Amino acid sequence: MKRNLGNLTIIVLVFLTVIIWLVFPPIKEGVENYARAYAGEVLGSVVIVLMSCSLFISTRPKWAEPFFGGLDKMYITHRRTSTSAFLLMFVHLLTVPITIVNLRLGNYLGMIAFLGIVAIVLPTLAPRIPFLSRLTGNTYEGWKKLHRYIGIFFIIGFIHSLTVKALSAFIAINWVQIFFIIGTICYLYTEVFGQYFKKYLPYTVEAVNHPNNATTEVVLRAKKDTIKKQRAGQFLFVRFLGSKELNESHPFTISSAPHENVLRITIKACGDFTRHLFSNLHAGTDAMIEGAYGMFDYKSGGRKQIWVAGGIGVTPFLSFIRDLETGLAYDVDFHYTVRHREEAIFVDEIKEAAKKNPRLKTHIRFSSTDGSLTVEDIVKNVGEDIHEHYVYMCGPLPMVQSFEKKFLDAGVPSGNIHYEEFNFR
Ligand SMILES: Cc1cc2nc3c(=O)[nH]c(=O)nc-3n(C[C@H](O)[C@H](O)[C@H](O)COP(=O)(O)OP(=O)(O)OC[C@H]3O[C@@H](n4cnc5c(N)ncnc54)[C@H](O)[C@@H]3O)c2cc1C
């Protein structure tokens, strides 16, 4: 329940906005096209409420994680609130009664805000359209830079609402102003003054290892203070100083155990940053760390568990296994699947942990020779009581999504299924 409180609050805020407009309607006298103007303002208000929720999530408030189920889940909410605001903005534009003859400054500002937000959001929704991908250089970093300007158009959008010929509805307008203030503060915090409050801790790269020809293990040692309150399976944001290509903040799971006096992250080379890191990162490089975040924690589940790792999605499970100092208090079937034998990392360590912990049963699968891992295989292996199991998954999004559906069909309660989202876009 607590994990849904964040989303529930957002839904309540949206409904409350509509209810306030309905309970305290604007004055009708002398207003042309009253119904359309009224509906347009309600829609515009909901857009501001949803956008300020998105801007709030962008501040990455650690204290709010328990109410969403972790920062990765907060970014799913961010995607949903932003997409809903984006779509409602179109409906708002089509609903409000505007004519070319009586355009005011506020209308022009509204147009600027609308076009600015469209230009920023469309490459997120349709990253593969060639014209749009030119705006971002087809890279995540380019997309992130473009995304930074969204708050400016949010502010222009609000000034637009103050300068157009608005309906007279004192309470509703004041209610929306609260969200505008919250959204603006959150945006300024994220982009301008947050760096003075957030904890970016200095670390040094102590070692760089290559467990296979596409993966880098980076060992990081704190220069002074270490990141606090770390649980196995959490993730951090890291950037490396001294090289433009590596000085970008990227999220990675901490694959070491919390009791280790270094942090280890294990990174698959899949794009510009991670490939450059594979070839160029060396010991002695300075790094800045932000975190730890996330609530992917098997200890919150029941006695019988199924862990599923696909490819580099093994990293949180490495952390779980490395954390087994006092033995495992759960019965775990751990399925680790990769395409080829060479892609599997730290296999000896995983097998060694299974030998020491009889309650941990490992199943390593190479799909190119053994065929793809399926939920049917996992269920057959578990037996009758699949509905009593807790499932923890991390891997490629299509695999995780299809497994989630099949586990539900097999009778695993939805509250028992947990997965780590490796994608913030
Ligand atoms: C919570 C979390 C934990 C992760 N843990 C690991 C891990 O342990 N090991 C591992 O190899 N990978 C992990 N990832 C994925 C990793 O962050 C991306 O693969 C990496 O950032 C890709 O960067 P790139 O420039 O090389 O690739 P690109 O081709 O630029 O990006 C590939 C995709 O990665 C994501 N991505 C890229 N840059 C960022 C960024 N700065 N912030 C957020 N997402 C980004 C985007 O979805 C993008 O479409 C994790 C991601 C998340 C969200």
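Each ligand, and each atom within it, is numbered from 1 in the order the structure gives. Just so it is clear, the model here is predicted, and its values are computed rather than measured.
- The shortest heavy-atom distance from Asp72 to ligand 1 is not under 4.0 Å.
- Between Gly271 and ligand 1, a contact under 3.5 Å exists for at least one N or O pair.
- Numbered from 1 in the order shown, with element, the atoms of ligand 1 that lie under 4.0 Å from a heavy atom of Lys144 read 41 (N).
- Screening Ile117, Val121, Leu115, Val118 against Phe153 for a side-chain contact (heavy atoms from CB on, under 4.5 Å) leaves a single residue, Ile117.
- Relative to the ring axis of Phe346, Arg322 places its NZ or CZ within 45° and under 6.0 Å from the centre.
- Residue Lys268 holds the heavy atom nearest to atom 11 (O) of ligand 1 of all those in Lys268, Arg275, Glu420, Gln234.
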Problem set entry | side-chain contact (heavy atoms from CB on, under 4.5 Å) assessment of Thr285 paired with Leu281 | CA-CA 7 Å; Thr285 305; Leu281 186 71; 4.0 Å; yes
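- In terms of polar-atom proximity, Glu248 is not counted as a contact of ligand 1, lacking any N or O under 3.5 Å from an N or O of the ligand.
- With atom 7 (C) of ligand 1 as the reference point, the heavy atom nearest to it among Thr215, Ile265, Ile267, Thr266 is part of Thr266.
- Annotation: Pro251 places an N or O atom under 3.5 Å from an N or O atom of ligand 1; distance criterion only.
- Salt bridge status for Arg239 with Glu248: absent, with no side-chain N to carboxylate O gap under 4.0 Å.
- Annotation: cation-pi pair Arg60/Phe237 present, NZ/CZ under 6.0 Å from the ring centroid and within 45° of its normal.
- Residue-to-ligand polar distances keep Cys270 apart from ligand 1: every N/O pair is separated by 3.5 Å or more.
- The shortest heavy-atom distance from His276 to ligand 1 is not under 4.0 Å.
- For the pair Lys62 and Tyr293, the distance from NZ or CZ to the six-membered ring centre is under 6.0 Å and the angle to the ring normal is within 45 degrees.
- Looking at Phe334, Tyr419, Trp307 one by one, the single match for side-chain contact (heavy atoms from CB on, under 4.5 Å) with Tyr392 turns out to be Trp307.
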